[in-house]
> 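I'd like to ask some things about the structure below.
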Amino acid sequence: MNVLVINCGSSSLKFQVIDTESETLLAKGLCERIGIDGSISYENVARGLDKKTTATAIPNHKVAIELVLSAITAAEDGVVSSLDEIAAIGHRVVHGGERFTKPVLIDDDVIKGIAECADLAPLHNPANLTGIEACREVMPSTPMVAVFDTAFHQTMPSKAYMYAIPLKYYEDYKIRRYGFHGTSHAFVSAAAAEYLGRDISSLKIIVCHLGNGSSVSAVKNGKCVDTSMDLTPLEGLIMGTRSGDLDPAIVEYIANKEGSSASDVLNILQKKSGVFGLSGGISSDFRDLWKAKEEGSDSARLALEAFSYRVAKYIGAYAAAMNGVDVICFTAGVGENDGNVRADILSYLGYLGIEMDAEANKKRGAITDIATENSKVRVLVIPTNEELAIARETAALCG
Ligand code: AMP
């Protein structure tokens, strides 16, 4: 079955066409600067054609969807001859609140439910909904599925998701830990079990999704029992530009010092912090930070050290939460590509009986076990593939 996967942001729309029987990526692309000016890039992966980028007016998401549909059906380099060959559409939706605990077929009631969660993800859910509505207008009879970033984490027990603040804030406003990157954590933990030839229901897995946004999760017997992101993606690890954990009193403290508001400070914690902020503004990209460190930058060294230290602390906490760990997985941009970061993190974990294989840690691309034979914990590098996970879920509900 051919599934069109849509990941809609406020001014961008990423798409892929995936054949779910052979799990082959047929085409992919990106519409950018929607509502500003606009461009679309498109690549026919099935035929190995070069990516082409065209500047064109994209006033809204409906126009973006129309452009995507004409790109994938184009006579010269499309991947399907008509839209009838697209059997279903899978949408990434960021926040599913407490209502959505698994992927669902989209109908009017689901659309209402996603809109009701917009309070919890004001930047993302409205953009996701715009993509859903645009697809509905253009392909009204094609079934659509919503796959939620938060759903995988809904198995957390209340002791992990509740905050020690007055209960009424949970009861009245649903303030609690939700977690994000759930599609990736689910995909990677399942891939780890499959790679090891083990039943996931007998494994304790820690997944480190380390990218521009980063989160860790503890997956016990196939179910998420804890994760580092929270009501919003700000808590937990140090990220590209997000601070991760800090004392909430810092918000008021900075606001008072600078005569600014809580939302000004939150903006700094979201966009100017993380390894970018800690390095003194060198970069949020780890490749730049390693280069700066080699050239003698103390602030780049500090940012890299603090990043790995925080990940190691979370792994320790989650090993305690699960009373042990069988497998640690690294995924996403940094986790898959940065062997130095992985080595730094693992250097804290000798007490768990972890031994890293330095040669294996240099490999890139496919799933790799980077622990020695004697290591008491397997350590896997697993390329994540959220689009494939969304396509699989979509096919499962529409097949
Ligand atoms: P993601 O959010 O998963 O796309 O990850 C993006 C981040 O991955 C970038 O900001 C970089 O910090 C990091 N990254 C990507 N490629 C490499 C690489 N080859 N070495 C180190 N870090 C990388």
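All values reported here derive from a predicted model rather than from experimental measurement. Start at 1 and go down the list; that is how both ligands and their atoms are numbered.
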> Going by atom type alone, with no hydrogens or angles, which donor-acceptor pairs under 3.5 Å involve a side-chain atom of residues 202-212 and a protein atom two or more places apart or on another chain?
from   : atom 1 : to     : atom 2 : distance (Å)
Ser202 : OG     : Asp199 : O      : 2.9
Lys204 : NZ     : Met322 : O      : 3.2
Lys204 : NZ     : Asn323 : O      : 3.0
His209 : ND1    : Ser184 : OG     : 2.8

> Can you name the residues that come within less than 4.0 Å of ligand 1, going by heavy atoms only?
Gly211, Asn212, Ser284, Asp285, Phe286, Arg287, Ala332, Gly333, Val334, Asn337, Asp338, Arg364
> I'd like a table of donor-acceptor pairs (distance under 3.5 Å, sequence neighbours excluded) in which one partner is a side-chain atom from residues 349-365, with atom names and distances.
from   : atom 1 : to     : atom 2 : distance (Å)
Glu355 : OE1    : Thr372 : OG1    : 2.9
Asp357 : OD1    : Glu359 : N      : 3.0
Asp357 : OD1    : Ala360 : N      : 3.1
Glu359 : OE2    : Lys362 : NZ     : 2.9
Asn361 : OD1    : Arg342 : NE     : 2.8
Asn361 : OD1    : Arg342 : NH2    : 3.0
Asn361 : ND2    : Gly339 : O      : 3.0
Arg364 : NE     : Asn337 : OD1    : 3.1

> May I have the list of side-chain donor-acceptor pairs in residues 1-10 shorter than 3.5 Å, sequence neighbours left out?
from : atom 1 : to    : atom 2 : distance (Å)
Asn2 : ND2    : Glu85 : O      : 3.2
Asn7 : OD1    : Arg92 : NH1    : 3.4

> Identify whether NZ of Lys or CZ of Arg in Arg310 sits under 6.0 Å from the centre of the six-membered ring of Phe307 and within 45° of that ring's axis.
no
> Just checking, is any N or O donor in the side chain of Asp19 or Ser22 under 3.5 Å from an acceptor N or O on the other one?
yes
> With salt bridge (Lys or Arg N to Asp or Glu O under 4.0 Å) as the test, would you mind laying out the steps for Asp172 and Lys168 before giving the verdict?
CA-CA 6 Å; Asp172 293 350; Lys168 72 180 179 113; 5.2 Å; no
